Asker: 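The structure under discussion is supplied below as structure tokens; questions concerning it will follow.
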Amino acid sequence: LDASGGGNVVPFVYMVHKRVDDFKHAIDSLRNSDFPKESVPLIVSHDGHVPKMVEYVETLKAEFNIIQIFHPHACYDHPKSFPGDDAKLNEGYAGDTYGNPRSSWATCAKHHWTWMMKHVFDELEFDSKITADEMFIMEEDYVVSPSMYETVTQGLYLASKNPNYFGVVLDITDGGVHRERGNQGGQDWYEITFRTGPMAIGRKTWQKIVNAKDEFCHRDEYNWDWSVVWLANKNLIPYKVLAPSIAQVQHIGLDGMHVNNEEATTRAGKRDKAKLQRAAANWHIPQPFHGSGIVHVGGAMKPMPGKPNGGFGHPKDHEHCLSILGPTLLKE
């Protein structure tokens with residue numbers, strides 16, 4: 001990518017399940033942004049053949065350059081067999097870190113994310129006129145700013161200059177937990193620690209995750225993002241990311257895995273959960289960002305190891321995760 005966003009295009013990848021109303025808001029915001037909807041692929045990865053979601057995405061194909069993919073191991077399509085709730089898998093299973101039995105509620109999203117990332121980076125074939133070495137990844141319940149594509153491409157251009165960057169995140173507040181940095185009129189970039197998406201990364205970064213698949217898959221952590229944070233703590237991937245001073249995405253879902261379904265056992269965790277819920281309940285379209293190219297460094301710290309949230313301790317899930325990621329193709 002060059003600073004003007006030329007060169008490679010950056011497909012937007014949405015990980016969707018069944019929150020159709022939230023996804024409609026997400027698409028409305030994308031429609032009103034600078035996203036080049038006729039030329040740049042919009043990849044929708046379905047976690048199962050949810051009729052209402054599939055029908056809605058069909059209505060978008062005349063307007064957007066849609067690439068529709070379906071997670072073949074979706075729990076929605078396999079509710080009573082692996083990776084869904086196969087009762088036999090809890091026979092003789094001592095439970096996760098906290099003694100909890102295996103549940104598809106905890107395992108399915110990480111399996112979907114793992115398959116989706118592998119598919120879009122390593123297996124998906126684009127039109128011969130398209131070169132896509134970076135992807136922007138987010139879930140179905142995020143709205144975006146009017147300047148979204150400009151921000152993503154500029155951030156990736158800046159990040160490409162430093163191999164110590166994992167990539168770009170678009171919400172410096174981590175869902176409303178922290179404050180924006182642009183309240184004094186500045187529209188600069190900040191170096192922060194990766195904690196969660198939405199994010200934009202390139203193939204080299206993705207390959208580092210694949211190379212660390214043993215740690216990623218065996219971590220008893222049902223959240224894909226905290227599994228990635230664990231890799232950063234183990235020095236297997238970079239922990240630094242670039243973020244615009246003004247959040248360019250807004251989480252709007254009240255029932256997503258980062259709000260009601262997130263375990264919050266500590267005082268700090270409960271406080272952050274409450275902030276996430278308040279931010280999602282009072283969502284708005286983010287303000288535009290036209291970054292100066294100035295990067296404020298020194299604000300990122302290596303993440304602490306912390307305790308896993310559990311939910312991903314069964315050997316069958318570990319084996320499945322490893323089989324998706326396949327062999328290590330590139331050594332850094």
Side-chain angles (χ1 to χ4, degrees), residues 12-33 35 42-45 47 53 56 105 108-110 112-113 116-117 135-149 151-152 155 167-183 190 192-201 221-229 241-264 268-289 309:
F12 278 25
V13 184
Y14 281 92
M15 177 177 167
V16 307
H17 183 34
K18 58 184 179 181
R19 291 169 284 184
V20 181
D21 289 341
D22 287 346
F23 192 45
K24 287 181 178 179
H25 288 303
I27 292 298
D28 282 343
S29 69
L30 189 67
R31 180 180 286 119
N32 293 318
S33 77
F35 179 74
L42 177 61
I43 303 171
V44 180
S45 181
D47 199 18
M53 183 63 81
Y56 174 63
W105 169 87
C108 291
K110 185 171 176 178
H112 181 197
W113 186 86
M116 176 187 74
M117 295 292 286
M135 308 274 183
F136 174 62
I137 315 291
M138 63 180 157
E139 294 170 17
E140 63 196 1
D141 54 351
Y142 281 88
V143 293
V144 303
S145 82
S147 57
M148 191 64 188
Y149 195 75
T151 305
V152 168
V168 177
V169 295
L170 281 300
D171 183 4
I172 200 169
T173 74
D174 286 334
V177 174
H178 308 293
R179 293 183 178 181
E180 291 184 331
R181 311 288 177 88
N183 54 0
Y190 284 79
I192 65 172
T193 304
F194 175 79
R195 292 186 178 88
T196 187
M199 65 181 188
I201 65 171
E221 173 60 67
Y222 73 91
N223 292 302
W224 67 262
D225 46 5
W226 285 104
S227 301
V228 172
V229 170
V241 289
L242 290 181
S245 57
I246 301 172
Q248 294 295 281
V249 295
Q250 166 74 58
H251 184 235
I252 65 173
L254 287 172
D255 61 348
M257 69 177 178
H258 293 297
V259 185
N260 287 347
N261 292 342
E262 183 170 357
E263 293 292 334
K270 291 177 180 178
R271 182 180 66 245
D272 288 351
K273 179 179 177 180
K275 289 181 179 179
L276 288 168
Q277 289 174 322
R278 286 196 299 271
N282 299 287
W283 67 271
H284 61 276
I285 299 297
Q287 294 297 310
F289 175 81
N309 283 304

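The structure displayed is predicted, hence computed values, not measured ones. Sequence positions, counted from 1, serve as the residue numbers for this chain. Side-chain atoms are counted along with the backbone in the values below, which use heavy atoms only and exclude waters and symmetry mates.
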Asker: State, yes or no, whether a side-chain contact exists between Val249 and Met148 at a heavy-atom distance under 4.5 Å.
Answerer: yes
Asker: To the closest 0.5 Å, what do you measure between CZ (Phe194) and CE (Met199)?
Answerer: 5.0 Å
Asker: Look up atom CE in Met53 and atom NZ in Lys18, then write down how far apart they are to the nearest 0.5 Å.
Answerer: 10.5 Å
Asker: Donor-acceptor pair, Thr196 side chain versus Asp225 backbone, under 3.5 Å?
Answerer: no
Asker: Using every non-hydrogen atom in the two residues, find where Pro244 and Thr151 come nearest and quote the distance to one decimal.
Answerer: CG-CG2, 4.0 Å
Asker: To the nearest 0.5 Å, how far apart are NE2 in His112 and CE in Met117?
Answerer: 11.5 Å
Asker: Out of curiosity, Thr193 OG1 to Arg195 CZ, how far, rounded to the nearest 0.5 Å?
Answerer: 5.0 Å
Asker: At their closest point, which heavy atom of Glu140 faces which heavy atom of Ala26, and how far apart are they?
Answerer: O-CB, 3.6 Å
Asker: Working note: Phe35 + Val144, criterion side-chain contact (heavy atoms from CB on, under 4.5 Å); need CA distance, chi angles, decisive distance, verdict.
Answerer: CA-CA 10 Å; Phe35 179 74; Val144 303; over 6 Å; no
Asker: Could you tell me whether the side chain of Ile285 reaches within less than 4.5 Å of the side chain of Pro146, counting heavy atoms only?
Answerer: yes
Asker: Nearest 0.5 Å, please: how far is CE in Met135 from CE in Met116?
Answerer: 10.0 Å
Asker: Just so I know, are the side chains of Trp113 and Lys110 near enough to count as touching, which here means a heavy-atom distance under 4.5 Å?
Answerer: no
Asker: Do the non-hydrogen side-chain atoms of Val169 and Asp171 ever get within less than 4.5 Å of each other?
Answerer: no
Asker: Tell me every residue that passes side chain to side chain donor-acceptor pair (under 3.5 Å) with Glu221, counting only those two or more places apart in sequence or in another chain.
Answerer: Asn223, Asn309
Asker: Passes side-chain contact (heavy atoms from CB on, under 4.5 Å), Phe12 versus Tyr149? Steps please.
Answerer: CA-CA 9 Å; Phe12 278 25; Tyr149 195 75; 3.7 Å; yes
Asker: Can you sort out the partners of Ser147 under side chain to side chain donor-acceptor pair (under 3.5 Å), two or more places apart, ordered by chain and number?
Answerer: Ser145, Gln248
Asker: Would you mind telling me which of Asp141, Ile43, Leu42, Ile137 makes a side chain to side chain contact (heavy atoms under 4.5 Å, CB included) with Tyr14?
Answerer: Leu42
Asker: Mind checking whether Tyr56 and Phe23 have parallel, tilted or perpendicular rings, split at 30° and 60°?
Answerer: perpendicular
Asker: Tell me every residue that passes ring pair (Phe, Tyr, Trp, His ring centres under 6.0 Å) with His17, counting only those two or more places apart in sequence or in another chain.
Answerer: none
Asker: Could you tell me whether the side chain of Val152 reaches within less than 4.5 Å of the side chain of Val168, counting heavy atoms only?
Answerer: no
Asker: Just do the side-chain contact (heavy atoms from CB on, under 4.5 Å) check on Asp47 and Val16 with the steps written out, would you?
Answerer: CA-CA 6 Å; Asp47 199 18; Val16 307; over 6 Å; no
Asker: Is the Tyr142 ring parallel, tilted or perpendicular to the His251 ring (thresholds 30°, 60°)?
Answerer: tilted
